Amino acid sequence: MYEPVTKDQIVFTVKGNDSESKLKGPLTTGVSLPQNAVKKVTNLYLNHEGNDLIAQFKPLSFWPDGSIQWVLIDFEGRTGDRLIVGWGDEKSQTKHDQEISLIKTDEHYEICTGVMRAKINRRKFSLIQAVELGTRSKNGSFVPEINIFQKDLCDTWVRIEESYQDGSTTRRLYGMGGCCYASLARDEYAVEVEEEGPLRTVLCLRGAYEADIGMHHYSGYRPLKWIIRLHFFAGHSQVRVLHTVIFSANPREVKISEIGLRIPVASESLTNYSLGTESIKTENIKNGLYFLAHQRSKCEYILDSFTTNGEKNKVCQGQQLDGWVEWSDNKRRVGVAIKNMAEEYPKAFGVSNEGLDVFLWRSNNFDSHLDYSRYSEEVAWHEGEGVYADGLGSAKTTEYSLCFSSGKETTKEILSRSLRCPVVVSELENGRCAPLLGNSVQFPDRYPESERMLAGYVDWMARQISNEEWYGYLDYGDVLSTWDEDNNTWEFRGRWGWSNSEWDPRHAGWLYFLRTGHVDSARLAEAMSRHSEDVDTCHFHPLRPYWVGGSFRHSTDHFGDEPCSSHTFVDNWVDHYYLTGDGRAREVIEQAGNFFLKYRWVEDSRFSFSL
């Protein structure tokens, strides 16, 4: 039996699709509260079937009277749970028996989740310096039982290309190209605690990729920057990672062939790997063999093996990798799952006796590179283009999860859940959405045409993305904007191309999810917001610093026309932040705020055209 819903309660349900994992695990959601209802988080409680749950509450925004407007809630749940958020007299929260502890030393941060202890180096980048599994004793100390790895070698890199030739005498040579490592840029490396709580703690790491090129022995060349957020959860040996890469080089000169991360778990015993494909593939890893599972397009992957002398053999191929891989020996298992792996191709997993490689981008061939240059050096003013821009300052965030366990306990179900995490859906009649939607609970009856248009537009976006195959590392999350009736195709010239932030179609996705509880709409809205926040927005520009925080105007590139205030729509970013508490979303919102503050309005109509 559930408690009756009163004006001091909000009801929501945990939802997922029928075929997805029902495993219980960490969940995070934002909830809006009525004005003048809740002054402190200690007035809040979370209840399931009459029992108060252990929860972590964090205010995200406040009403003018100082009461909490949006609150972020962390808890554990599974698909099908129906929960109540209520408020009243202050009450003390029940403590989680595996709540997170965080210790800061001069050398590192030490995080204990009760079942895992991890160290994050504060002086030199290594994604995770060390990982141990174990238990927490009665006196609160951690007792290690399994050492996953202790080597300070968990590095990330970018491989760049800086030359071009067309097979004739035409040649462009800007540099030698090669690998750039996060661990080399020590003076730019920083770690901060972004969130600290008993159920979830987030560390934010920042730095740059510095070139390590044998022919040119110079330090300090840093063509890309990065931001990594590590989410740790009480009682879990899982780490959620949000890995942002910012392009900070000259796009005319620098192309990218590889963005990778190494998880070092070398073993002298027999090792195996399991790969999520159409049917799970498991295989022994013989000494000297390296397996590469490469999602080359939305509907094609190839699994190859390589010997130490470079001999290549195709193991199998298919349409889509499920997005996870697990490495194991007789004592340990390490799993990795990349969210939207097929949609944001080309990505790959590499597996050997030495551990795991995670490729956020891996070129399909020698001629295929991640290219941030503009499609043309000429500005097509006759096609409505405004001011020259390219991909300098554009970014991309990839989400992946790491999971560690003993040799007997598989990580597969946890990884699968991380790829398709349940969403938290409000029961609309309780008014949870009122502060965001303007008390729109009565909209279906009063404005049926508006409801039909909203549903039709969101369905159209999802359908067109699938039908037109608008996928890829830079493209997924955007839609083309203008149809050419005469030629029966999409316009793709000048200002006509990707929508970018124009009229904020992503906000429609969030509104539709809030009003219907449609699971796939929530996931698409988040993917589209991430694209808008990162790819379509300038985050670094030493030549035109006033562009930082502005969204690029719609174009055949995602960044082919200047950032401008009339094309920087932040509603969907605010939706994303309030509903998930996403740290990257908040960071970009703050950049946009600074961008708007720099804007100087002029009344001269020659300079005020906006579209």
Side-chain angles (χ1 to χ4, degrees), residues 244-247 251 297-298 339-347 360-361 370-375 384-385 389-391 393-399 457-484 489-513 520-539 550-564 566-573 575-576 582 584-585 588 592 611:
T244 304
V245 178
I246 303 168
F247 192 84
S297 70
K298 173 65 163 57
K339 197 169 185 178
N340 297 324
M341 184 172 186
E343 290 82 357
E344 298 180 358
Y345 72 88
K347 298 186 185 298
L360 312 186
W361 165 279
L370 179 55
D371 189 351
Y372 283 92
S373 65
R374 195 175 190 274
Y375 77 98
E385 286 189 340
D390 54 27
S394 181
K396 175 66 179 180
T397 296
T398 302
E399 178 177 343
Y457 182 50
V458 174
D459 175 69
W460 175 89
M461 286 195 295
R463 185 162 27 90
Q464 291 302 118
I465 289 172
S466 176
N467 292 346
E468 300 288 344
E469 297 184 349
W470 292 335
Y471 298 110
Y473 185 81
L474 292 180
D475 293 343
Y476 183 58
D478 210 342
V479 294
L480 294 182
S481 59
T482 306
W483 182 257
D484 185 342
T489 187
W490 292 98
E491 289 198 23
F492 206 68
R493 63 182 191 275
R495 65 183 288 198
W496 311 114
W498 295 108
S499 176
N500 287 8
S501 189
E502 175 80 344
W503 300 122
D504 207 355
R506 300 148 186 88
H507 183 49
W510 287 114
L511 293 184
Y512 185 69
F513 159 65
D520 289 339
S521 294
R523 292 170 179 168
L524 179 59
E526 182 167 40
M528 295 185 78
S529 283
R530 285 212 186 280
H531 172 93
S532 175
E533 291 157 3
D534 284 325
V535 180
D536 295 340
T537 302
C538 182
H539 305 282
S551 292
F552 297 102
R553 192 165 170 257
H554 48 84
S555 168
T556 55
D557 292 326
H558 295 287
F559 33 69
D561 209 332
E562 70 166 335
C564 52
S566 62
H567 286 65
T568 304
F569 289 75
V570 303
D571 302 61
N572 77 98
W573 304 348
D575 299 338
H576 187 200
D582 187 82
R584 176 63 179 165
V588 177
L611 301 179

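In this chain, residues are counted from 1 in sequence order. As the structure is a prediction and not an experimental result, all values here were calculated from the model.
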Checking Arg506 against Glu526 for the side chain to side chain contact (heavy atoms under 4.5 Å, CB included) test, could you report, in this order, the C-alpha distance in whole Å, the side-chain angles of both residues, the deciding distance, and whether it holds?
CA-CA 8 Å; Arg506 300 148 186 88; Glu526 182 167 40; over 6 Å; no
Chi angles and distances behind the side chain to side chain contact (heavy atoms under 4.5 Å, CB included) call for Phe569, His507:
CA-CA 9 Å; Phe569 289 75; His507 183 49; over 6 Å; no
Are Asp371 and Leu474 close enough, and set up right, to give a side chain to side chain contact (heavy atoms under 4.5 Å, CB included), and what steps lead you there?
CA-CA 10 Å; Asp371 189 351; Leu474 292 180; over 6 Å; no
Could you please spell out the steps behind the salt bridge (charged side-chain N to carboxylate O under 4.0 Å, His left out) verdict for Glu343 and Arg523?
CA-CA 12 Å; Glu343 290 82 357; Arg523 292 170 179 168; over 6 Å; no
Can Arg584 and Thr244 be said to form a side chain to side chain contact (heavy atoms under 4.5 Å, CB included), step by step?
CA-CA 9 Å; Arg584 176 63 179 165; Thr244 304; 3.9 Å; yes
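The aromatic rings of His554 and Trp496 lie parallel to each other, with less than 30° between the two planes, well short of the 60° mark. Taking the six-membered ring where the residue is Trp, Tyr372 and Phe247 present parallel rings, their angle staying beneath 30° rather than reaching 60°. Below 30°, between 30° and 60°, or above 60°: for Phe513 and Trp510 the angle between ring planes is above 60°, a perpendicular geometry.
Listed here is the closest heavy atom pair of Val535 and Phe559: O-CD2, 4.3 Å. Of all the heavy atoms in Val458 and Ala508, the pair that sits closest is CG2-O, 3.6 Å. Contact between Ala585 and His576 at its shortest, heavy atoms only, is CB-ND1, 3.7 Å. Minimum interatomic distance between Pro505 and Tyr457 (heavy atoms only, all atoms of both residues): CB-OH, 2.9 Å. Across all their heavy atoms, Tyr345 and Trp361 have their closest contact at O-CZ3, 4.5 Å. Residue Tyr476 comes nearest to Ile465 through the heavy atom pair CE1-CG2, 4.1 Å, listed as atom of the first residue, atom of the second, then distance.
Between Leu360 atom CG and Thr398 atom OG1 the span is 4.5 Å, to the nearest 0.5 Å. Ser394 contributes atom OG, which lies 6.0 Å from atom CZ of Phe552 (distance to the nearest 0.5 angstrom). Considering OG of Ser521 and CG of Asp459, their distance stands at 8.5 Å, rounded to 0.5 Å. With rounding to the nearest 0.5 angstrom, the NE2 atom of His531 is 12.0 Å from the OG1 atom of Thr397. In this structure, the separation between NZ on Lys339 and CD on Glu344 is 10.0 Å, given to the nearest 0.5 Å. Rounded to the nearest 0.5 Å, atoms OH (Tyr375) and OG1 (Thr556) are 4.5 Å apart.
With contacts defined as side-chain heavy-atom distances shorter than 4.5 Å, the pair Thr568/Val570 qualifies. The closest side-chain heavy-atom distance from Trp470 to Leu480 is below 4.5 Å.
For Arg374, the salt bridge (Lys or Arg N to Asp or Glu O under 4.0 Å) partners two or more places apart in sequence, or in a different chain, are Glu385.
Side-chain N/O atoms of Asp536 and Ser551 include no donor and acceptor closer than 3.5 Å. Side chains of Asp557 and Ser555: no donor on one and acceptor on the other come within 3.5 Å. Side chain to side chain, Trp573 and Ser532 meet the donor-acceptor criterion of an N or O pair below 3.5 Å. Side-chain polar atoms of Ser481 and Ser499 form no donor-acceptor pair below 3.5 angstrom. For Ser529 and Asn572, the side-chain atoms include at least one donor-acceptor pair closer than 3.5 Å. Counted by atom type alone, His567 and Asn500 present zero donor-acceptor pairs between their side chains at under 3.5 Å.
In this structure, Lys396 satisfies the cation-pi test against Tyr473, with its NZ or CZ atom closer than 6.0 Å to the six-membered ring centre and inside 45 degrees of the ring normal.
Of the residues Asp478, Asp534, Thr537, the one that meets the side-chain hydrogen bond (donor to acceptor under 3.5 Å, both in side chains) test with His558 is Asp478.
Using a 4.0 Å cut-off between charged nitrogen and carboxylate oxygen, Arg530 and Asp582 count as a salt-bridge pair.
The main-chain N or O of Asp561 is never found under 3.5 Å from a side-chain atom of Arg553 such that the two would form a donor-acceptor pair.
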